[in-house]
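Have a look at this one before I ask anything.
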Amino acid sequence: MHLSTKLIHGGISEDPLTGAVSVPIYQTSTYRQKKLGQPGEFEYSRSGNPTRLALEELIAELEGGVKGFAFGSGIAAIHTILSLFQPGDHLILGDDVYGGTFRLLEKVFKPLGLSYTMVDSRELSQLEGALTDHTKALYLESPSNPLLKIIDLEKSAAWAKEHDLITIVDNTFATPYLQQPLALGADIVVHSGTKYLGGHSDLVAGLATTNNQGLAERIGFYQNSVGGVLGPQDSWLLQRGIKTLAVRMDAHQKNAEIIANFLVNHSAVAKVYYPGLTDHPGHEIAAKQMCGFGGMVAFELVDESKVANFVESLEVITLAESLGGVESLIEVPAVMTHASIPKEKREISGIRDGLIRLSVGIEDITDLQDDLERAFSVLNEER
Ligand SMILES: *Cc1c(COP(=O)(O)O)cnc(C)c1O
């Protein structure tokens, strides 16, 4: 089966009991046990729920994992994965990981004894330099957020394997439709289902999967013990969203490519970050490891002081956090999604105060271009 077919028919795509082509929302916390001490497949909905299981089997199949796990948010998924580590363990991670991931490590796991080093994970020499006797894992995002840096996942995972490290990849930006990290050598994939997988900005969810049976058992243990599971209603909604991922992603990419080129040619724009541009430093690696360049574009204005005016002048494109929905969303990472990273750290990794991140939606491209053009002209008027 091709991936776009798996999106629709993968995992458990219909109800085994009735044949319903949409898996029902099993809104139940518990299940009748016919014999004492011999529960059936489902016992209690934190440990397992048929609607959630359908989604979990789906993400496992899409990413090539042995088992999938659904959580109440992307961060809850990442929290559970980080629970695999012990006090004293050390992690290496990319220097522009999602702001909430950084906050979770710095404010929650560091006080519990986990340490980490953030490096420019595009450079093997930097990974090498960060390695300690206690390093247990390499945590990567590619394309990264918000600068869309591309990391060679195959090369990094091979390096990690040599040093007995677990490679964890946050695949939120690419989705399994464009990139499959487990096939490139990663051990664990995490997702914010809130973004492209859900696709309609109407739910918060997280997913994880692994192709290692031992890791799967441990993740399952922590999922049940920590308890941050996704409810049946949202599990259903996320599975529904995933069914249209292929058509949405194709439309996102088509628009993003046009917008990226439009921005490159605009005199008010200083810099454009989009892996599909041939002069993007990661273009070739992206072309090798992804089936497309995605729907995220970042850019800097020539006049940094105009950022607020610009984003506030847009009408079709919405000023909001999050990404990956059918509607175009724009945000300023330094003020919004990445505000929890201290300014000095942000600037070292290239997240300037004037950086703008655009999640290109699937609206008609002329409406998006007109909207951007209008916001640019407002800037000119104010001079
Ligand atoms: C949004 C996001 C997260 C966190 O997911 P939530 O669903 O908001 O908890 C993690 N990683 C990336 C890359 C994200 O964009």
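These values consider heavy atoms only, across backbone and side chains, with no hydrogens, waters or symmetry-generated copies. These numbers come from a predicted model, not from an experiment.
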Glu284 atom CD, over 12 foreign heavy atoms within 6.0 Å: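 No, not enclosed.
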
NZ/NE/NH1/NH2 to OD/OE distance under 4.0 Å, Glu347 and Lys343: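 The answer is yes: the pair qualifies as a salt bridge.
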
Closest non-hydrogen atom pair between Leu3 and Pro176, with its separation: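 Looks like CD2-O, 3.6 Å.
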
Mutual orientation of the aromatic rings belonging to Phe299 and Phe310 [parallel < 30°, tilted 30-60°, perpendicular > 60°]: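 Ring orientation, 0 to 90° scale: perpendicular.
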
Closest approach of His283 to Gly276 (non-hydrogen atoms, all atoms of both residues):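 Reported closest heavy-atom pair: CE1-O, 3.4 Å.
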
Met1: hydrophobic cluster co-members (side-chain, 4.5 Å):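 None; Met1 is a cluster of one.
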
Minimum heavy-atom distance between Phe71 and Ala208, given as atom pair plus value: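 Where Phe71 meets Ala208 most closely, the heavy atoms are CE1-CB, 4.0 Å.
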
Salt bridge (charged side-chain N to carboxylate O under 4.0 Å, His left out) pairs, two or more places apart, involving residues 118-128: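 Qualifying pairs: Asp120-Arg122.
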
Where at least one partner belongs to residues 55-67, residue pairs that pass salt bridge (charged side-chain N to carboxylate O under 4.0 Å, His left out), sequence neighbours excluded: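 Listed once each, the pairs are Arg52-Glu56.
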
Side-chain (Thr244) to main-chain (Val247) donor-acceptor, under 3.5 angstrom: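 Such a contact is absent between Thr244 side chain and Val247 backbone.
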
Sidechain-backbone polar pair: Arg46 side chain, Asn224 backbone, donor-acceptor under 3.5 Å: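 Present.
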
Sequence-distant partners of Glu327, side-chain hydrogen bond (donor to acceptor under 3.5 Å, both in side chains), two or more places apart: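 Applying side-chain hydrogen bond (donor to acceptor under 3.5 Å, both in side chains) to Glu327 gives Ser201.
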
Greater than 12 external heavy atoms within 6.0 Å of Lys155's NZ: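 Atom NZ in Lys155 is not crowded, with 12 or fewer foreign heavy atoms closer than 6.0 Å.
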
Check: Gly324 main-chain N/O paired with Ser359 side-chain donor or acceptor under 3.5 Å: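 Yes; at least one donor-acceptor contact below 3.5 Å.
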
Side chain to side chain, Leu323 and Thr194, heavy atoms closer than 4.5 Å: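 No, too far: nothing below the 4.5 Å cut-off.
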
Side chain Thr51, main chain Pro232, donor-acceptor under 3.5 Å: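 Absent.
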
Other residues, nucleotides, ligands: >12 heavy atoms within 6.0 Å of Glu300 CD: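 Yes, CD of Glu300 has more than 12 neighbouring heavy atoms, counting only those of other groups under 6.0 Å.
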
Contact check, side chains of Pro146 and His338, non-hydrogen atoms, under 4.5 Å: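 Side chain of Pro146 against side chain of His338, heavy atoms only: contact under 4.5 Å found.
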
NZ/NE/NH1/NH2 to OD/OE distance under 4.0 Å, Glu304 and Arg352: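 The answer is no: the pair does not qualify as a salt bridge.
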
Expected output: side-chain Thr28 to main-chain Thr30 donor-acceptor under 3.5 Å: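 Present.
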
All pairs passing side-chain hydrogen bond (donor to acceptor under 3.5 Å, both in side chains) where residues 202-217 contributes a residue, at least two apart: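 Every pair satisfying side-chain hydrogen bond (donor to acceptor under 3.5 Å, both in side chains) with a residue in residues 202-217: there are none.
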
Exercise: identify the closest heavy-atom pair between Ser156 and Ile151: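 Looking at all heavy atoms of both residues, the closest pair is OG-CG2, 3.4 Å.
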
Minimum heavy-atom distance between Leu319 and Glu312, given as atom pair plus value: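 Looking at all heavy atoms of both residues, the shortest contact is CD2-CG, 4.5 Å.
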
Qualifying residues under side-chain hydrogen bond (donor to acceptor under 3.5 Å, both in side chains), relative to Asp364, sequence neighbours excluded: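 Thr366.
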
Donor-acceptor contact present, side-chain His191 to main-chain Gly193, <3.5 Å: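 Not a single qualifying donor-acceptor pair exists.
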
Flag, side chain of Gln223 to backbone of Ala70, donor-acceptor distance under 3.5 Å: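 Yes, because the side chain of Gln223 sits within donor-acceptor range (under 3.5 Å) of the backbone of Ala70.
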
Positive for side chain to side chain contact (heavy atoms under 4.5 Å, CB included) with Asp96, one of Leu148, Leu147, Ile348, Asn145: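 Exactly one pass, corresponding to Leu147.
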
Exercise: do Asp15 and Tyr26 side chains pair donor with acceptor under 3.5 Å: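 Short answer, yes.
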
Where at least one partner belongs to residues 216-275, residue pairs that pass ring-ring contact (aromatic ring centres under 6.0 Å, His included), sequence neighbours excluded: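 Qualifying pairs: Tyr196-His252, Phe262-His266, His266-Phe376.
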
Heavy-atom check, side chain of Leu197 versus side chain of Ile59, under 4.5 Å: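 Yes; the side chains approach each other to less than 4.5 Å.
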
Polar contact flag, side-chain donor to acceptor under 3.5 angstrom, Thr132-Thr135: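 Side chains of Thr132 and Thr135: pair found under 3.5 Å.
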
Shortest non-hydrogen separation from Phe293 to Ala287 and the atoms involved: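 Reported closest heavy-atom pair: CE2-N, 3.8 Å.
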
Those residues that, when tested against Asp89, pass side-chain hydrogen bond (donor to acceptor under 3.5 Å, both in side chains) (two or more places apart):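 Asp89: side-chain hydrogen bond (donor to acceptor under 3.5 Å, both in side chains) contacts with Lys136.
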
Contact list for residues 140-169, test ring-ring contact (aromatic ring centres under 6.0 Å, His included), sequence neighbours left out: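 Of all non-adjacent pairs touching residues 140-169, those that pass ring-ring contact (aromatic ring centres under 6.0 Å, His included) are Trp159-His163.
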
Pairs involving residues 178-190, ordered by first then second residue, that meet side-chain hydrogen bond (donor to acceptor under 3.5 Å, both in side chains) (sequence neighbours left out):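 Found Asn171-Gln179.
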
Qualifying side-chain hydrogen bond (donor to acceptor under 3.5 Å, both in side chains) pairs with a residue from residues 101-118, counting only residues at least two apart or across chains: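 Pairs touching residues 101-118 that pass the test: His90-Thr117, Glu106-Lys110, Glu106-Tyr116.
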
Residues that Tyr31 engages under side-chain hydrogen bond (donor to acceptor under 3.5 Å, both in side chains), provided they are two or more places apart: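 Ser45, Asn49.
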
Lys271, NZ atom: more than 12 neighbouring heavy atoms under 6.0 Å: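 For Lys271, atom NZ is not crowded (no more than 12 foreign heavy atoms under 6.0 Å).
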
Lys345 with Asp95: basic N within carboxylate O range, under 4.0 Å: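 No, no charged N to carboxylate O under 4.0 Å.
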
